[in-house]
Trainee: 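Quick one: this structure, given as structure tokens, is what I'll be asking you about.
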Amino acid sequence: MTEGWLKRVPSTRIIGYTEESNSYFMHSFDSTGHTSLMQAQVEVERWIFVGETIRFTGGFRANDKVFAGVWESRSPDGTLWQPLMDVTLRKVE
């Protein structure tokens, strides 16, 4: 399998909470200079972050030691969400 098309783009995400509106937000900054702002909601144990052209759906698993889900991007015509990547983050102990 050729993975030459993959490009590693280091990024930082800051998740915050606004008590007044009872809502979450996420600011994202990457090494290419791209920034974005997403709004989030939590439905039981499922987190959903939604931006203009990208969204994430996932949640905590394995006694909160794993956070996993899928990123999707909006189709060029804006009508569909298409899978972009699966993400699994594991807490190191």
Side-chain angles (χ1 to χ4, degrees):
M1 181 169 119
T2 303
E3 295 187 18
W5 61 271
L6 294 176
K7 180 179 178 185
R8 185 177 294 260
V9 180
S11 64
T12 298
R13 290 173 171 75
I14 300 171
I15 301 171
Y17 175 75
T18 304
E19 190 171 325
E20 296 81 31
S21 63
N22 191 32
S23 63
Y24 293 87
F25 60 89
M26 181 173 69
H27 289 275
S28 177
F29 309 88
D30 72 29
S31 63
T32 68
H34 181 261
T35 64
S36 64
L37 176 62
M38 298 180 174
Q39 297 299 313
Q41 59 189 37
V42 180
E43 298 174 356
V44 186
E45 295 181 12
R46 186 172 78 159
W47 287 75
I48 304 168
F49 287 92
V50 180
E52 201 171 305
T53 61
I54 196 166
R55 76 177 176 188
F56 172 83
T57 304
F60 290 96
R61 301 177 185 149
N63 294 325
D64 294 338
K65 294 180 181 178
V66 174
F67 187 75
V70 63
W71 281 101
E72 299 170 295
S73 62
R74 194 179 296 273
S75 63
D77 66 4
T79 60
L80 300 172
W81 288 101
Q82 302 169 326
L84 182 61
M85 72 177 125
D86 292 326
V87 174
T88 301
L89 306 172
R90 288 181 173 76
K91 183 178 180 181
V92 178
E93 297 189 37

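All residue numbers in this chain count up from 1 along the given sequence.
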Trainee: Is the CD atom of E45 crowded by more than 12 outside heavy atoms at less than 6.0 Å?
Mentor: no

Trainee: Could you check whether the rings of F49 and F56 sit parallel, tilted or perpendicular, using 30° and 60° as the cut-offs?
Mentor: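 Taking F56 first and then F49, their aromatic rings sit tilted (interplane angle of 30° to 60°).
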
Trainee: So, applying side chain to side chain contact (heavy atoms under 4.5 Å, CB included) with F25, which one of L37, I14, I15 is it?
Mentor: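 Single pass found, and it is L37.
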
Trainee: Could you pull out the closest heavy-atom pair between G51 and R74, with the gap in Å?
Mentor: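 The answer is O-NH2, 4.4 Å.
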
Trainee: If you take all heavy atoms of S75 and D77, which pair is closest and at what distance?
Mentor: OG-OD1, 2.7 Å

Trainee: Between N22 and Y17, what is the shortest heavy-atom contact and its length?
Mentor: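 Smallest interatomic distance, heavy atoms only, reads OD1-OH, 2.5 Å.
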
Trainee: Check whether any side-chain heavy atom of T35 sits under 4.5 Å from a side-chain heavy atom of H27, and report yes or no.
Mentor: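 Heavy-atom side-chain distance check fails, nothing below 4.5 Å.
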
Trainee: Given the rule that I, L, V, M, F, W and Y join up when any side-chain heavy atoms are under 4.5 Å apart, are M26 and M85 in one cluster?
Mentor: yes

Trainee: Scan V50, V70, L84 and name whichever one has a side chain to side chain contact (heavy atoms under 4.5 Å, CB included) with R55.
Mentor: V50

Trainee: So for atom CD, which belongs to E43, do other residues, nucleotides or ligands contribute more than 12 heavy atoms lying within a distance under 6.0 Å?
Mentor: yes

Trainee: Short question: side chain of N63, backbone of K65 - any donor-acceptor pair under 3.5 Å?
Mentor: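 Judged by distance alone, no pair lies under 3.5 Å.
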
Trainee: When rounded to the nearest 0.5 angstrom, what is the spacing between CG in D64 and NZ in K91?
Mentor: 8.0 Å

Trainee: Between atom CD of E52 and atom OG of S36, what is the distance when rounded to the nearest 0.5 Å?
Mentor: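 Here the rounded value is 10.0 Å.
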
Trainee: If we check side chain to side chain contact (heavy atoms under 4.5 Å, CB included) with Y24, which of these qualifies: I48, T18, V42?
Mentor: V42

Trainee: Determine, stepwise, if the pair I54 / M38 fulfils side chain to side chain contact (heavy atoms under 4.5 Å, CB included).
Mentor: CA-CA 9 Å; I54 196 166; M38 298 180 174; 3.0 Å; yes

